[in-house]
Amino acid sequence: MKRTTMVTPFDLWGASLQMGYLLAEAQSVIAMRLWGMAGVWNVTASERTRMVDEKPAALTQSAMNAAFAAMRGERPDQIVTSAIRPLRAKTRSNARRLAKRGLKLK
């Protein structure tokens, strides 16, 4: 098992920043989906099933990324960042897609 260099505060800051982005995007997606269920936000009819169906694949990929990074002997910040990557890809795409749909004005 190889050991990489020491973790710097900037490395930890970068991992924390990625987690912050993930949390902010997830919260906005949750809000837009709830507004959609309330009839305030434009969402497709398949949004309810989509929000359930997408989670297992993203969580599985996240766990695999973290496990493989740990087995490679990567630093803790690298393990966290590799675990966050597939989750952020999903929350980022969802946030962008839902934000484009906008408020339901009629």
Side-chain angles (χ1 to χ4, degrees):
M1 178 164 77
K2 76 174 185 175
R3 195 62 156 136
T4 56
T5 61
M6 295 292 294
V7 179
T8 67
F10 293 111
D11 297 327
L12 297 175
W13 180 71
S16 298
L17 192 61
Q18 290 301 312
M19 181 61 80
Y21 286 140
L22 173 68
L23 295 172
E25 290 163 351
Q27 187 61 41
S28 67
V29 168
I30 291 167
M32 287 183 275
R33 283 177 169 164
L34 284 174
W35 292 339
M37 289 180 205
V40 178
W41 201 261
N42 282 316
V43 294
T44 62
S46 64
E47 196 63 40
R48 291 179 189 198
T49 57
R50 183 180 194 151
M51 69 183 176
V52 174
D53 293 343
E54 67 190 7
K55 287 174 181 54
L59 291 172
T60 301
Q61 187 62 50
S62 175
M64 287 175 41
N65 284 3
F68 290 141
M71 286 188 275
R72 286 191 302 269
E74 292 185 4
R75 298 184 322 250
D77 64 299
Q78 293 170 323
I79 295 170
V80 168
T81 302
S82 66
I84 291 172
R85 193 171 295 119
L87 302 175
R88 276 230 42 227
K90 190 52 75 176
T91 57
R92 185 181 325 118
S93 68
N94 283 339
R96 287 179 181 167
R97 177 179 50 77
L98 289 168
K100 286 179 186 177
R101 299 195 60 85
L103 284 172
K104 194 179 223 178
L105 299 175
K106 289 185 181 185

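Remember, predicted model here, so these are calculated numbers, not experimental data.
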- Query: Can M64 be reached from L22 by stepping across I, L, V, M, F, W or Y side chains whose heavy atoms are under 4.5 Å apart?
  - Reply: no
- V43 versus G36, closest heavy-atom pair with distance: CG2-CA, 3.8 Å
- Query: Are the side chain of K55 and the backbone N or O of M51 linked by a donor-acceptor pair below 3.5 Å?
  - Reply: yes
- CE/M19: more than 12 non-hydrogen atoms of other groups inside 6.0 Å: no
- Query: Considering all heavy atoms of both residues, which atom of N94 and which atom of R33 are nearest to each other, and what is their separation?
  - Reply: ND2-NH2, 3.5 Å
- Query: With a 4.5 Å limit on heavy-atom distance, are the side chains of E47 and R97 in contact?
  - Reply: yes
- When rounded to the nearest 0.5 Å, the distance separating CZ of R72 from CD of Q78 is 9.0 Å
- In Å and rounded to the nearest 0.5 Å, what is the CD to CZ distance from Q18 to R88? 5.0 Å
- Message: What's the separation between atom CG in L12 and atom CG in L17, rounded to the nearest 0.5 Å?
- Response: 12.5 Å
- Query: Roughly how far apart are K90 NZ and E25 CD, rounded to 0.5 Å?
  - Reply: 12.5 Å
- Message: For the CG atom of L59 and the CD atom of E54, what is their distance to the nearest 0.5 Å?
- Response: 10.0 Å
- Item | Where A95 and S28 come nearest, the two heavy atoms and their spacing | CB-OG, 3.9 Å
- Query: What is the minimum heavy-atom distance between L103 and N42, and which atoms define it?
  - Reply: O-ND2, 3.2 Å
- Query: Which heavy atom of L87 sits nearest a heavy atom of A58, and at what distance?
  - Reply: CD2-O, 3.8 Å
- For the student: nearest non-hydrogen atoms of V7 and P76, plus distance: CG2-CD, 4.0 Å
- Could you give the distance from CG (N65) to CZ (R85), rounded to the nearest 0.5 Å? 7.0 Å
- Message: I'd like to know if W35 and L98 are part of one continuous hydrophobic network [Ile/Leu/Val/Met/Phe/Trp/Tyr, side-chain heavy atoms within less than 4.5 Å].
- Response: yes
